[in-house]
Amino acid sequence: MAKRKGSAEWKGGLKGGTGSLTVGDGVWEGQYSFGSRFEEGQGTNPEELIGAAHAACFSMALAGALEKAGHAPERVATTADVELQAGEGGARISTIRLSTEVAAPGIDEAEFLQIAQGAKDNCPVSKALAGVDIELDARLAG
């Protein structure tokens, strides 16, 4: 099976420090900070990266499931909104809301929703995030 990697380096203390991260072997690099994670500062944060990964994984899983069911999609566009909440035990990702719009000719809504739910439940990133409440808003385009 394939192995993938990401890396990060943090310099300084929590609130005043800065970080940089790399996806793969330099495919994408970005900066992150306390402000970009817990406030509205510039840069990215782990939650955005998890959201992008989840949206990508779900989109591929849904495309494959639709194709397997005989309804090859023309387009699957997904957004993942990741909610970070503070609590007694520290911050945690509490909810991820997957919103997807799909163009797949010839499928009825009931079958589409069943396939979309299966893709949400079975994509590898959803499985890795089993302790998080994952919600799905799936709709057919048009």
Side-chain angles (χ1 to χ4, degrees), residues 1-69 71-105 107-142:
M1 201 63 174
K3 292 184 180 181
R4 304 293 181 232
K5 71 176 183 177
S7 60
E9 181 178 24
W10 186 263
K11 295 179 181 176
L14 178 61
K15 287 193 176 184
T18 59
S20 60
L21 52 89
T22 302
V23 175
D25 289 323
V27 173
W28 186 83
E29 296 179 3
Q31 304 299 311
Y32 69 110
S33 67
F34 182 89
S36 68
R37 188 166 194 196
F38 298 106
E39 299 166 351
E40 297 299 322
Q42 290 210 336
T44 191
N45 56 64
E47 291 73 31
E48 288 176 339
L49 297 169
I50 289 170
H54 202 178
C57 183
F58 170 78
S59 292
M60 291 180 75
L62 181 53
L66 287 165
E67 188 172 46
K68 185 176 180 181
H71 304 287
E74 295 172 352
R75 180 176 152 271
V76 178
T78 305
T79 301
D81 293 315
V82 180
E83 188 172 318
L84 182 67
Q85 287 187 338
E88 285 184 26
R92 68 178 285 272
I93 295 172
S94 60
T95 307
I96 297 176
R97 289 176 192 85
L98 294 171
S99 299
T100 192
E101 182 177 89
V102 177
I107 191 169
D108 68 54
E109 187 168 358
E111 182 182 9
F112 166 70
L113 292 174
Q114 181 179 9
I115 292 170
Q117 184 66 41
K120 177 193 79 89
D121 294 340
N122 292 300
C123 91
V125 173
S126 288
K127 289 179 180 181
L129 298 169
V132 175
D133 179 28
I134 301 171
E135 300 173 356
L136 177 62
D137 173 25
R139 59 195 172 283
L140 288 168

Just verifying a value: how many Å separate I50 CD1 and I93 CD1, rounded to the nearest 0.5 Å?
3.5 Å
To the nearest 0.5 Å, what is the distance between CG on L84 and CD1 on I96?
11.0 Å
Using every non-hydrogen atom in the two residues, find where G51 and A80 come nearest and quote the distance to one decimal.
O-CB, 3.3 Å
Do L49 and Y32 have side chains that get closer than 4.5 Å, going by heavy atoms?
no
Atom of H71, atom of A104 and distance for their closest heavy-atom approach:
O-CB, 4.0 Å
When every non-hydrogen atom of V82 is compared with those of E47, the smallest separation belongs to CG2-O, 3.5 Å
S99 (side chain) donor-acceptor with T79 (main chain) under 3.5 angstrom
no
Check against side-chain contact (heavy atoms from CB on, under 4.5 Å), L62 and T78:
CA-CA 10 Å; L62 181 53; T78 305; 5.7 Å; no
CD of E135: more than 12 outside heavy atoms within 6.0 angstrom?
yes
With the side chain counted from C-beta on, respond yes when F38 and N45 share a heavy-atom pair under 4.5 Å apart, and no when they do not.
no
More than 12 heavy atoms of other groups within 6.0 Å of Q42 CD:
no
Any donor and acceptor pair, going by atom type alone, linking the side chain of S59 with main-chain N or O of A55 inside 3.5 Å?
yes
Side-chain donor/acceptor of K120 to backbone N/O of I134, under 3.5 Å
yes
D25 atom CG, over 12 foreign heavy atoms within 6.0 Å:
no
Within this structure, what is the OG1-CZ distance for the pair T18 and F34, rounded to the nearest 0.5 Å?
14.0 Å
Between CD on residue Q31 and OG on residue S33, distance to nearest 0.5 Å:
9.0 Å
Near Q85 CD, under 6.0 Å, is it more than 12 heavy atoms from other residues, nucleotides or ligands?
yes
When you measure from the side chain of T100 to the backbone of A77, do you find a donor-acceptor pair of N or O atoms at a distance under 3.5 Å?
yes
Interatomic spacing from CD in E83 to OG in S94 - rounded to 0.5 Å:
4.0 Å
Judged by atom type as modelled, is there a donor-acceptor pair below 3.5 Å linking the side chain of S36 to the main-chain atoms of T44?
yes
Distance, nearest 0.5 Å, that separates CG of L98 from NE2 of H54:
4.5 Å
Heavy-atom closest contact (G26 atom, E29 atom, distance)
CA-OE2, 4.0 Å
